[in-house]
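Start at 1 with the first residue, then count along the sequence. No hydrogens, no waters, no symmetry mates; every other heavy atom, side chains included, goes into these values.
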Amino acid sequence: MAEWLKNAVFYEIYPQSFMDSNGDGIGDINGIIGKLDYIKGLGCNAIWMNPCYDSPFKDAGYDVRDYRKVAERYGTEEDLCRLFEQVHDRGMHILLDLVPGHTSEEHPWFIESSKNGENAYSGRYIWTNQWFQRAEGFPYIAGERERNGAYVLNFFKCQPALNYGFLEPKESWQKPLDHPDCMATRAAIADIMCYWLEKGCDGFRVDMADSLVKNDDEVKSGTCLVWRDIIARVQAQYPDVVLVSEWNNPASAIGLAGFQMDFFLDWNGNGYNLLMRDYDASGRDDSFFKRDSKRSILDFLEEYLPKYEAVKGKGFYCLITGNHDMIRAAYNLQEREMKLAYAFLFTMPGAPFLYYGDEIGMHYQNLPSKEGGYTRTGSRTPMQWNSDLNCGFSTADSDKLYLPVEQGEKVPNVADQEAREESLLHTVREILAIRGRFTDFEDHTNLQIVYASRNHRSFAYQRGSLLMLCNPSGMEETIALPGLHENTWKKIYSIGTGTLQQENYSAGPQSFLILCSK
């Protein structure tokens, strides 16, 4: 595992919305380069950038037309290589976004695969044998191509599924994992990864990583086998390649497939969702970090801890403030609530991921779908840098912007929060500075839950010599912590108030403390 991962903190950039350097209304690579010092100043030493490849953008770049070409709206390959260099010059690292489960229907592979008659790409995608033969159990398209068959989709209509085979083929058109066509797909993806690693990227976030093999079993054993092969091919040339999976099953992704990191994703009703985004259709919210919530931290820990323990010492189960697929944290959390939530996320094991704009509490906007975003579109709006034209994102006319910037008197932006010492931005910097200062956070096996109960909102956990105590409720709470005495601990950071007296912790309303053993 790459040595730099032990203290990595990632910043996710949605390139079309981060910074526009040429005034065309769309963010670009040069805009990112111009903001690298800002990202490093946050305390982030690594970047995950959403897809920047050539695409018709029917799914915001997750419909790749050419894996080896940079989308014109973002710049050139030279610009991207310069970004790699500038990132490394600052002692930082960068992951590109890999989309291995499907391509655009405009990809040359698919155009060739769609032709009548055999060619080198006929088996690159999953096709039935006849146009009237349905791909039962899978979304599919028929009647649009020259080829006499229907093709399987991996997500949207514009995204035909690449062929990695079926764990247990049941139809004549379903191929086993070791079929030459399926092996050729593996090799093609490994080659793409090596292409960009040679150019200077440090690894990949892998989109829909568990979607490769069809009719797979519960643990995705077929997909895990395929990934072990692909990763081995890449590591033979680039042993320090870093890979984080969009999977949310670390036992499979890390333990079986060979990834170094997996995300704890926000799925409706799961442990992560209950932390910050537990709202229903009526708008009622009972997520844990809400001041008036009734939830216990156990609602999160009961799901998180078994998954963490399953891969402890093998890889990182990573927590996120949000991402491009989720409603932003500020949709239902106030500033103080976000401060506590981020303090928790940034002091837990794994490499934390901060979504652009979450550091200033950017709001979710209710917008029409753009490039396949649907309800996710409102979390992909331009970064708000200041109170100038278009919030400093672009000099273009407002009607030329990729998405509209937020309007109103209380639009959060970087410049305003820079000037306010108690802002969310300053809190993010302070906590990440502490994370970077103490090597206890580099040991991802040292998590100990000191206190968690159904009877209290407050909880406590330890990472080596550091003790974190949190009370997200609006009321003071006192909890007993046997064996922990105030004479052995020194406060190094606090949000709100709290005291450790004898073996009792008195936690002020909405407080978070970090103590260090003397």
Side-chain angles (χ1 to χ4, degrees), residues 1-10 42-46 91 261 264 275 289 297-298 300-301 304-305 307-309 311-319 339-354 426-453 456-472 477-508 510-518:
M1 185 181 298
E3 181 70 14
W4 63 267
L5 267 186
K6 67 182 182 181
N7 63 357
V9 178
F10 285 87
L42 287 172
C44 297
N45 53 20
M261 298 182 286
F264 196 168
L275 288 178
F289 282 102
I297 191 62
L298 290 172
F300 166 81
L301 293 176
Y304 170 81
L305 286 176
K307 292 183 175 183
Y308 164 74
E309 292 289 342
V311 295
K312 186 169 67 173
K314 302 175 184 177
F316 301 160
Y317 193 30
C318 299
L319 299 176
K339 286 182 178 182
L340 300 182
Y342 293 176
F344 170 66
L345 296 174
F346 293 158
T347 54
M348 287 287 282
F353 281 71
L354 173 62
H426 280 288
T427 297
V428 167
R429 285 178 175 161
E430 289 162 0
I431 298 169
L432 289 181
I434 291 171
R435 184 181 179 97
R437 198 168 87 228
F438 288 89
T439 56
D440 296 278
F441 290 118
E442 296 179 6
D443 181 356
H444 297 272
T445 68
N446 64 1
L447 176 66
Q448 298 179 53
I449 304 302
V450 176
Y451 183 86
S453 169
H456 289 98
R457 301 284 320 287
S458 297
F459 65 101
Y461 56 104
Q462 192 169 344
R463 305 278 310 278
S465 66
L466 299 173
L467 178 65
M468 277 62 67
L469 306 122
C470 181
N471 174 19
E477 289 192 352
T478 298
I479 57 176
L481 298 174
L484 297 178
H485 197 280
E486 80 271 17
N487 290 337
T488 63
W489 297 93
K490 176 178 66 176
K491 182 169 69 177
I492 60 172
Y493 182 76
S494 66
I495 300 170
T497 61
T499 57
L500 185 62
Q501 297 177 331
Q502 298 299 323
E503 294 183 340
N504 292 317
Y505 171 56
S506 296
Q510 292 187 285
S511 61
F512 190 98
L513 268 67
I514 303 178
L515 307 178
C516 183
S517 57
K518 295 180 181 179

Checklist line | Non-hydrogen atoms of Ile495 and Ala343 that approach each other most closely | finding: CD1-CB, 4.3 Å
Notebook entry, point to check: Do Phe264 and Tyr317 have ring centres separated by under 6.0 Å?
Noted result: yes
Item checked: Non-hydrogen side-chain atoms of Leu513 and Lys491 separated by less than 4.5 Å -> yes
Check: For Lys314, does the NZ atom have more than 12 heavy-atom neighbours from other residues, nucleotides or ligands under 6.0 Å away?
Finding: no
Note to self: Just to verify, what does Tyr493 make a ring-ring contact (aromatic ring centres under 6.0 Å, His included) with, not counting sequence neighbours?
What the structure shows: none
Next item on the list: Mind checking ring-ring contact (aromatic ring centres under 6.0 Å, His included) for Phe459 and listing every partner two or more places apart, or none if nothing turns up?
Entry: Phe288, Phe344, Tyr461
Checklist line | Test item: Gln448 side-chain N/O and Val450 main-chain N/O as donor-acceptor pair under 3.5 Å | finding: no
Note to self: I need the full list of ring pair (Phe, Tyr, Trp, His ring centres under 6.0 Å) pairs touching residues 428-452, with sequence neighbours left out, sorted by first then second residue.
What the structure shows: Phe316-His444, Tyr451-His456
Checklist line | side chain to side chain contact (heavy atoms under 4.5 Å, CB included) between Leu466 and Ile492, worked out | finding: CA-CA 9 Å; Leu466 299 173; Ile492 60 172; 3.9 Å; yes
Note to self: For Leu298 versus Ala452, what's the shortest heavy-atom pair and its separation?
What the structure shows: CD2-CB, 3.8 Å
Check: Between Tyr308 and Leu447, does a side chain to side chain contact (heavy atoms under 4.5 Å, CB included) hold up when you go through it step by step?
Finding: CA-CA 10 Å; Tyr308 164 74; Leu447 176 66; 3.6 Å; yes
Next item on the list: Find the distance between CD (Glu309) and OG1 (Thr445) and round it off to the nearest 0.5 Å.
Entry: 9.5 Å
Notebook entry, point to check: Can you list the steps and then say if Leu5 with Met261 is a side chain to side chain contact (heavy atoms under 4.5 Å, CB included)?
Noted result: CA-CA 10 Å; Leu5 267 186; Met261 298 182 286; 3.9 Å; yes
Checklist line | Glu503 and His485 side chains, donor-acceptor separation under 3.5 Å | finding: no
Check: Going by atom types alone, do Asp440 and Ser465 pair a side-chain donor with an acceptor below 3.5 Å?
Finding: yes
Next item on the list: Go through Leu354 and Cys44 one step at a time and tell me if the side chain to side chain contact (heavy atoms under 4.5 Å, CB included) criterion holds.
Entry: CA-CA 8 Å; Leu354 173 62; Cys44 297; 4.1 Å; yes
Check: Quick one: which of Arg463, Arg437, Lys6 gives a salt bridge (Lys or Arg N to Asp or Glu O under 4.0 Å) with Glu442?
Finding: Lys6
Checklist line | Validation row, ring centre Tyr342 to ring centre Phe512 under 6.0 Å | finding: no
Next item on the list: List the atom of Gln510, the atom of Pro472, and the distance in Å for their closest heavy-atom pair.
Entry: CG-O, 3.6 Å
